[in-house]
Structure formats: C-alpha cells, structure tokens
Amino acid sequence: MSPEPLLEATGIGKAFGAFRAVDDAGLAVREGEIVGLIGPNGAGKSTFFNCLAGDAQPTAGRIVFAGKDVTRAPADAHARAGIARSFQVPVTFEDMTVLENVMVGAFLRQSHRNDARARAREMLEATGLTRLADTRAGSLGTPGRKRLEIARALATEPRLLLLDEALAGLTPTEVQEAIGLVRSIHARGITLIIVEHIMEVILSLAERAVVFNQGRVIAEGPPRAVVDDPAVIEAYLGRSMRRRTAPP
Amino acid sequence: MSRRFTALVVVAVLLAAPLLLGNAFLQRVAALVMLAAISASAWNLIGGYAGQVSIGHAVFFGAGAYSALLVYKLTDWPPIAGAPVGVAVSLLLACVIGLPTFRLRGHYFSMATIAVAELIRIVVSNWQFVGAAVGLMGPAVPRSLADLSFLSPLPYFYLFAAVLAVLLFLTWQMQRSRMGFYLGAIRAGERAALSLGVPVLRYKLLALLLSAGFTALAGSLYAVMVGFVDAESALGILISVQMVIIAALGGAGTLFGPLLGAAILIPLQETTNALFGGGGTGLTYIVYGAIILLIARFRPGGLLELLHWRRRRVA
C-alpha cells in the first residue's frame with residue numbers, strides 16, 4: 001500500500017435547496033492513478049467534480065489534497081495547490097492566440113514573460129498544437145479547443161488533472177488521438193481523474209472506475225468488473241432491462 | 001522596426017502640431033484632447049483591459065478636481081498640491097466600490113459605479129464646505145510658476161502630453177506582463193481564469209486602483225487648467241460617459257485606442273460647442289448617442305480594430 005492518497009474526499013455532499021445533487025460521496029486517489037468517474041446523466045458526477053476543482057463548495061464533507069485541506073478553498077487556490085481542470089464546454093479565451101491562452105496558465109509558476117512563453121511552447125509541443133500557436137483561439141473547432149484547454153491546464157504544472165468530458169463530441173479518430181494524449185500526460189507523472197460518457201475511453205484508460213447514480217457512489221473497482229455489476233447496469237438501463245439480460 | 005519608426009513620426013508630428021497651429025482655439029482643443037486621452041486611457045485599464053465597465057469614473061475625476069481647488073482654498077498652496085490628496089481619496093473610493101461588487105459576477109460593478117458617482121455628485125452640489133452649487137475657484141492671478149496658470153494653452157498641452165506618455169508607458173509594460181495576461185483572461189472568462197490560478201478579485205482591484213488614481217490626476221490637471229470646478233463640470237455623468245465613449249470609439253483594451261478616440265471626439269465636441277454656444281451641450285448628448293449606436297452596430301472593437309483588420313487583410 002502506498003502511504004497517503006494524493007487526493008482524499010470523504011462524505012462529500014452538495015445540496016441545491018432541498019435537492020441533493022451529491023450525497024455522502026467519497027473518493028481516494030493515489031499518486032499516479034487514472035480514475036474514471038462514470039454514471040448516467042444527472043448522476044451528480046459533474047457536481048462532485050466541480051467540488052474537487054473548487055468551482056463549487058461542498059455543503060458537507062472534507063477534501064484533502066497533498067495533505068492540505070482544500071474543502072472551502074476557491075478555485076484559484078486549488079490551481080495553486082496543484083489541481084488543474086478542463087471544462088465540459090470548453091472556455092478558451094477567444095480573443096487571445098493559442099499561445100497566449102497557454103501563457104495565462106504558465107504565468108501561475110513563471111513570473112517572467114519569457115519563461116512563461118517558453119513553458120507555454122513546451123506544452124503546445126506536448127499537445128500537438130505548435131502549428132496553431134498564433135491562431136486566434138476563437139477560430140478553433142471543438143477538438144482544438146479541448147486540446148487547448150488541456151495544454152493550458154498542463155501549463156500550470158499540476159500534480160492532479162481533472163478532465164470533464166474532454167473527449168465528448170469528438171469523432172472516433174479524434175477520440176483515439178485524445179486517448180493517446182491522455183496516456184502521454186499520465187506518462188509525465190500526472191495523476192488523472194476523468195469524467196466520461198464514452199465507456200470505451202474508461203475501459204481503455206482508467207485503472208479504476210467509480211460509478212455515480214443519484215448523487216451516490218454505487219460501485220467502484222476495475223472498469224471491466226464495474227460495467228458487469230448488476231447495480232451499474234440497472235442504473236444505466238433501468239430495472240426491466242436487467243431482468244431481460246439476467247441469466248435465467 | 002518600420003512600425004516603431006512610423007509611431008515615432010506620428011508622435012513627433014502630434015507634439016509639434018500645436019506649435020505650428022498658432023491659433024489659441026486649436027491649441028486649446030489640442031490640450032483638451034491630451035487631457036481626455038489621459039482620463040480615457042486611465043478608464044481603459046479597468047474598463048478595457050479588465051473588461052469591468054465603469055460608468056461612474058467621474059467620481060474619481062471629481063475627487064481629483066475638487067481636491068486641487070479645495071487644498072488651494074484651505075491652505076493657499078498651489079492647486080496641483082491637491083493632486084496627491086485627490087489620488088488618495090480616489091483609491092479609497094475605489095476600494096469602497098470594488099471590494100463588495102467585484103465578488104459578484106455580471107453588471108453589479110457597473111451599476112455600483114453609477115450609483116456612487118451620482119450619490120456623490122448630489123452630496124457635493126449641496127455641501128457648503130466644497131462650494132455647493134457655486135463651485136470652487138482657483139487663484140485669480142498666477143502667484144508663481146507652481147500655480148501652473150498660463151494664458152497660452154501650449155504649456156498645458158505639453159504637461160498633459162507628458163503625463164499621458166507616462167501613463168501609456170506603464171500601460172504598455174502592464175500589457176506585456178503577467179498582469180496584462182491575467183486581465184485579458186478575466187475579461188474573457190472569470191471561471192476559466194480562476195481555474196488557472198488567477199486571483200481574480202485581487203487583479204480587478206489592482207486595475208481599478210491604477211485606473212482611479214490616474215483618473216484623479218486627470219481631474220486635478222483639469223482643475224489647474226480651468227481654475228474652476230462645480231458638481232456638473234467635474235462629477236456629472238457626462239464626464240463618465242465621455243471616458244467610456246472615447247475609449248470604445250478608438251478601441252477599448254488597446255494601448256492607443258483612447259488617444260485616437262479623444263483625437264476624434266474632442267475636436268468634434270469643441271467645434272459644436274463653439275458653433276452653438278450654450279445650446280451645444282444638448283448636441284453633445286446627441287453626438288454621444290449616435291456614436292454609441294454606431295460602435296454597437298458596426299464595430300464593437302473600436303476604430304483601431306478596423307485598422308488592424310485591414311492590415312491583416314492586406315498582409
């Protein structure tokens with residue numbers, strides 16, 4: 001067993017009025033892992049994810065990252081602590097060039113302009129965006145924007161990268177390229193948590209999958225085992241489907 | 001290199017032009033262009049670069065103008081000695097407006113700036129200590145050079161041009177630094193900026209403080225030149241709107257946009273004022289309205305964007 005987990009979230013709850021989007025959800029991630037968060041629409045995985053990123057404040061529970069309590073810390077403090085993220089709907093800085101977008105991320109650890117630019121160029125190289133460095137971000141298509149968000153997040157030199165449906169809306173070829181990109185990020189020693197709808201992605205990337213349904217964690221384990229779990233099948237397909245597919 | 005050369009030539013011509021004009025009216029207009037360029041460039045720091053549109057910058061301008069003449073009235077010092085006081089008051093006001101509203105997203109900041117500016121205008125126009133409806137006067141005759149009271153508009157032109165140069169140099173440095181990138185990120189999307197570790201509140205406040213300080217300095221310079229200040233001429237909403245329009249006309253968030261906007265709007269305004277006299281103020285509103293419409297409809301990025309766009313097209 002490795003010592004302390006890099007990220008440990010316990011008893012996380014997030015209520016909007018009477019509605020509990022996330023209820024008593026927990027997750028521990030060791031350094032160097034790739035963990036997949038899956039679940040049907042509205043299962044609370046994005047809300048849980050936003051709590052981890054500091055974009056939303058949990059109404060219950062505790063989040064500890066690298067030994068520091070970051071439960072109530074704002075998003076910028078999470079970034080400084082070493083947690084970076086991408087957004088479900090990419091939010092690039094449209095009027096800036098691709099290089100300038102990544103420089104904003106690089107300025108977190110580099111205070112001088114030339115160092116930030118050098119760091120940003122490295123990240124463009126790593127994500128295959130060098131060719132587009134001087135293009136206006138607003139003129140990129142969806143795959144380009146998603147790649148740019150990842151490059152920008154990497155430029156903050158994170159220990160943990162949270163990817164929120166970074167591969168959704170891509171063509172099968174683009175998905176394969178993106179899987180390659182995620183693998184190369186992992187090879188840099190960065191721990192990853194990915195929220196994904198495409199099961200193929202989780203199966204080929206994640207070492208461990210955590211399944212959400214109605215705000216709770218209903219299953220956890222190796223992806224192959226998890227997708228065969230009756231509770232998971234029921235959550236995705238409904239009860240009658242399970243009866244139909246269940247062995248006699 | 002050739003671009004730098006062009007810029008140098010433009011600056012040289014602009015600086016020499018008033019000397020060659022030899023016409024006091026035109027020289028006065030040139031000085032007013034510089035003054036308006038200072039306040040619009042100061043507004044540009046928060047309204048353009050950081051994208052937080054203030055429609056109440058008259059409150060900072062007024063703080064500078066009133067401080068200059070109030071210090072003169074109370075101590076008999078030269079009015080310009082009041083400039084640091086005006087800057088200090090402005091920084092305080094900036095914190096009062098910025099700290100609560102910058103925590104919220106959306107238009108709360110814009111609304112708060114209008115509210116504070118109008119509130120202070122009404123208080124000042126009823127407050128005997130600061131001259132109430134009558135206003136404050138500067139020294140009737142210059143007692144020394146420090147009074148900065150000249151018959152010719154030329155010394156004012158060069159004084160304002162020097163202050164503008166300092167402000168634009170600082171802005172240029174800022175634009176290239178971490179702060180420039182961070183303000184651009186805040187303008188484009190606060191949520192994404194936060195996710196990259198940008199301390200959004202701190203940078204918005206920093207931009208507002210810089211902006212407020214230089215706007216107050218512009219107000220003090222105005223009071224020194226005109227030698228008179230009242231609530232309407234220093235705190236009126238037209239002062240605030242003028243800064244927004246000048247910056248937007250030339251190009252908000254660009255280094256030279258406000259200067260270009262001032263060079264177009266101020267001569268236009270002074271000419272209509274000269275032609276139509278007192279009735280010209282009504283015309284000012286019409287001109288402002290027309291410009292807002294034209295910018296919103298045809299060129300949200302201002303005139304400088306048009307220039308860049310052309311250049312890119314040709315290249």
Side-chain angles (χ1 to χ4, degrees), chain A residues 49-50 52-56 73-97 99-117 120 134 136-138 145 148-149 151-158 161-162 164, chain B residues 44 47-52 99 102-105 170-207 248 251-255 257 299-302 304-306 308-309 311-313 315:
Chain A
F49 185 95
N50 282 335
L52 297 185
D55 208 20
D76 56 324
H78 281 237
R80 241 168 283 133
I83 304 178
R85 69 165 298 173
S86 75
F87 289 89
Q88 198 172 337
V89 180
V91 276
T92 52
F93 307 129
E94 310 265 292
D95 285 333
M96 296 189 195
T97 65
L99 177 67
E100 287 166 348
N101 263 270
V102 183
M103 280 175 75
V104 172
F107 269 119
L108 181 61
R109 316 267 179 218
Q110 321 286 342
S111 56
H112 198 273
R113 167 189 164 82
N114 291 338
D115 300 336
R117 197 200 286 115
D134 297 320
R136 213 178 131 261
R145 277 158 193 259
L148 174 53
E149 272 210 334
R152 207 172 57 176
L154 285 178
T156 65
E157 299 174 38
L161 179 59
L162 309 171
D164 193 358
Chain B
N44 196 29
Y49 285 100
Q52 310 297 312
L99 275 176
F102 279 155
R103 288 174 198 285
L104 307 164
R105 288 175 193 173
L170 287 177
T171 308
W172 179 66
Q173 287 289 332
M174 184 280 290
Q175 189 184 313
R176 292 156 41 89
S177 72
R178 163 149 60 188
M179 183 174 174
F181 280 77
Y182 275 11
L183 292 185
I186 290 169
R187 182 181 57 204
E190 280 187 28
R191 205 167 156 233
L194 278 170
S195 82
L196 298 170
V198 177
V200 170
L201 183 67
R202 194 191 311 160
Y203 274 90
K204 279 193 204 170
L205 201 61
L206 192 56
T254 62
L255 187 56
R299 202 121 299 272
L304 268 188
E305 190 199 60
L306 187 74
H308 284 290
W309 186 71
R311 190 183 295 155
R312 233 174 260 176
R313 268 291 173 104

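Side-chain atoms are counted along with the backbone in the values below, which use heavy atoms only and exclude waters and symmetry mates. So you know, we letter chains A, B, ... as the sequences are listed, proteins then strands, and number each from 1.
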- prompt: Taking Thr156(A), Leu108(A), Val91(A) one by one, which has the highest count of heavy-atom pairs under 4.5 Å against chain B?
  reply: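 Of the candidates given, the most pairs with chain B belong to Leu108(A).
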- request: Would you mind telling me which of His112(A), Arg152(A), Gln110(A), Arg80(A) has the largest number of heavy-atom pairs within less than 4.5 Å of chain B?
  value: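 The answer is Arg152(A).
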Between [X] and chain B, with a heavy-atom cut-off of 4.5 Å, which part of the residue counts as in contact: side chain, backbone, both or neither?
X	answer
Asp95(A)	neither
Phe93(A)	both
Glu149(A)	neither

Residue Arg187(B) versus chain A: region with a heavy atom under 4.5 Å: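 Neither the backbone nor the side chain of Arg187(B) comes within 4.5 Å of chain A.
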- prompt: Checking Ser195(B) against chain A: side chain, backbone, both or neither under 4.5 Å from a heavy atom?
  reply: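 Both backbone and side chain.
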query: Taking atom CZ of Arg109(A) as the centre, does the number of heavy atoms from other residues, nucleotides or ligands within less than 6.0 Å exceed 12?
result: yes
message: Heavy-atom count check: over 12 atoms from other residues, nucleotides or ligands less than 6.0 Å from Arg103(B) CZ?
response: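 No - once you tally the heavy atoms of other residues, nucleotides and ligands closer than 6.0 Å, there are 12 at most.
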field: Pairwise distance CD(Gln173(B)) to CZ(Arg113(A)) - rounded to 0.5 angstrom
entry: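 So the CD of Gln173(B) and the CZ of Arg113(A) are separated by 10.0 Å.
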field: From OH (Tyr203(B)) to CG (Leu183(B)), nearest 0.5 Å
entry: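 Taking OH in Tyr203(B) and CG in Leu183(B), the distance rounds to 8.5 Å.
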field: Cation-pi, Phe181(B) ring and Arg176(B) (6.0 angstrom, 45 degrees)
entry: no
field: Pairing of Arg145(A) and Glu94(A) as salt bridge, 4.0 angstrom limit
entry: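 The answer is yes: the pair qualifies as a salt bridge.
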